[in-house]
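Note that this is a predicted model, so its numbers are computed, not measured. Note: hydrogens, waters and symmetry copies are ignored here, and every other heavy atom, side chains too, is used.
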Amino acid sequence: MAKDKKKKSIFKRWWFWVLVIIVIIAIATGGGESDDTQTTSNNKEGKQTESSSNKTSDSKSTKEVSSFGMNEEVKVGKMTYKVTNKTTADQVGPSVMPEKANQKYVVLELSIKNGGEDAVTVDSTFFKLKRAGKTYEADAMASMSANQDESGNITNSFFAQGLNPDSEMSGKVVFDVAPEVANASDLQLQVQTGAFGTQTELINLK
């Protein structure tokens, strides 16, 4: 009975309840700090992600801007390109057997020079038309036809054609696109170093 009285009397002491309150406050405060730390960490991660996203966006927009124009020599790696003329047409090639556009042809006259040490196989896939974030592939058959004369002879077809070092070739590359695209004032031509396009540049077609 004496022992039971002693145990009960502990709960009646004021300092016991003060100690209990201190422990509760300490636990509550510790939890709050953890939550605050986690919130701060999440905010930092969010800002870093946003910053990274902005940098990627800036990089993309910078790549779409070109300082090169028509009749300018543009070096891409060891290749040099120059676009000399841009026209639109409904058909290309000899009058006897022309190649007709599904919509509207954009016909580009250009020259290429190989400044490297080895021969390069030039193809119409070297060229892509760009506008408003969209990419248009060259029409290989129309490009070949556009480089035919009235007798049917083809010169510089841009179809798997070899170009030796220090040599230059010129010809036409054709794109079959919608009329509104063909007549747009913000078209760009993407040119590249080779079949894999490890290096590219953009030329404003105006």
Quiz item: Same cluster for Met169 and Val74 if Ile/Leu/Val/Met/Phe/Trp/Tyr side chains link at under 4.5 Å?
Solution: yes

Quiz prompt | Atom pair NZ (Lys113) and CG (Leu163), whose distance is rounded to the nearest 0.5 Å | solution = 10.5 Å

Quiz item: Can you find a heavy atom in the side chain of Lys128 that is under 4.5 Å from one in the side chain of Gln192?
Solution: yes

Quiz item: To the nearest 0.5 Å, what is the distance between CG (Asp176) and NZ (Lys104)?
Solution: 11.0 Å

Self-check item: Gln103 side chain near Val177 side chain, heavy-atom distance below 4.5 Å
Solution: no

Quiz item: Do you reckon Val83 sits in the same ILVMFWY cluster as Leu187, going by side-chain contacts under 4.5 Å, direct or chained?
Solution: yes

Exercise. Examine distances only and state if a side-chain atom of Tyr105 and a backbone atom of Ala182 form a donor-acceptor pair shorter than 3.5 Å.
Key: no

Quiz item: Does some side-chain heavy atom of Lys130 sit less than 4.5 Å from a side-chain heavy atom of Leu202?
Solution: yes

Practice problem: Could you go through the side-chain contact (heavy atoms from CB on, under 4.5 Å) check for Met141 and Asp139 one step at a time? | Solution: CA-CA 6 Å; Met141 290 301 296; Asp139 187 319; 3.8 Å; yes

Quiz item: Linking I/L/V/M/F/W/Y whenever their side-chain heavy atoms sit closer than 4.5 Å, directly or via other members, would Phe68 and Ile112 fall into one cluster?
Solution: yes

Quiz item: Do Phe127 and Phe175 have side chains that get closer than 4.5 Å, going by heavy atoms?
Solution: yes

Practice problem: Give, for atom CG of Leu189 and atom NZ of Lys86, the distance between the pair rounded to the nearest 0.5 Å. | Solution: 11.0 Å

Quiz item: Are Asn85 and Thr87 close enough that some pair of their side-chain heavy atoms sits under 4.5 Å apart?
Solution: yes

Quiz item: Say you draw a straight line from CG of Leu108 to OG1 of Thr84; how long is it, rounded to the nearest 0.5 Å?
Solution: 9.0 Å

Self-check item: Gap between atom CG of Asn153 and atom CD of Gln148 - 0.5 Å precision
Solution: 8.5 Å

Practice problem: Kindly determine whether Lys78 and Glu117 satisfy salt bridge (Lys or Arg N to Asp or Glu O under 4.0 Å), including the steps that lead there. | Solution: CA-CA 9 Å; Lys78 295 183 179 180; Glu117 292 78 26; 2.7 Å; yes

Quiz prompt | Heavy-atom side-chain proximity of Val92 to Val107 below 4.5 angstrom | solution = yes

Quiz prompt | Heavy-atom check, side chain of Asn114 versus side chain of Met79, under 4.5 Å | solution = yes

Exercise. Check the pair Glu150, Ser95 against side chain to side chain donor-acceptor pair (under 3.5 Å), reporting the backbone distance first and the verdict last.
Key: CA-CA 7 Å; Glu150 285 299 319; Ser95 56; 2.8 Å; yes

Self-check item: Side chains of Ser170 and Glu109, donor plus acceptor under 3.5 Å
Solution: no

Exercise. For Asn164 and Ser167, indicate whether the former's side chain and the latter's backbone hold a donor-acceptor pair under 3.5 Å.
Key: no

Quiz item: Just by distance, do the side chain of Asp123 and the backbone of Thr125 share a donor-acceptor pair under 3.5 Å?
Solution: yes

Self-check item: Steps toward side-chain contact (heavy atoms from CB on, under 4.5 Å) verdict (Leu129, Thr135)
Solution: CA-CA 6 Å; Leu129 210 57; Thr135 302; over 6 Å; no

Quiz item: Asp149 and Pro94: which non-hydrogen atoms are nearest, and at how many Å?
Solution: O-CG, 3.3 Å

Exercise. State yes or no: do Val173 and Val191 share one hydrophobic cluster built from I, L, V, M, F, W and Y residues joined by side-chain heavy-atom distances below 4.5 Å, directly or via other members?
Key: yes

Exercise. Decide yes or no for Tyr136 and Arg131: does some side-chain heavy atom of the first lie under 4.5 Å from some side-chain heavy atom of the second?
Key: yes

Exercise. Any chance you could lay out the salt bridge (Lys or Arg N to Asp or Glu O under 4.0 Å) test for Asp90 and Lys100, step after step, and finish with the verdict?
Key: CA-CA 6 Å; Asp90 295 318; Lys100 295 184 178 180; over 6 Å; no

Quiz item: Nearest 0.5 Å, what's the CE-CG distance between Met70 and Leu205?
Solution: 6.5 Å

Self-check item: Single-linkage hydrophobic cluster Val174~Leu110, side-chain heavy atoms < 4.5 angstrom
Solution: no

Quiz item: Can you check ring-ring contact (aromatic ring centres under 6.0 Å, His included) on Phe126 and Phe158, steps first, answer last?
Solution: CA-CA 9 Å; Phe126 276 35; Phe158 292 124; 9.0 Å; no

Quiz item: Do Ser124 and Ser143 meet the criterion of a side-chain donor-acceptor pair at a distance under 3.5 Å?
Solution: no

Self-check item: Test item: side-chain donor near acceptor, Lys75 and Thr80, under 3.5 Å
Solution: no

Exercise. Could you pull out the closest heavy-atom pair between Ser185 and Lys206, with the gap in Å?
Key: O-CD, 3.5 Å

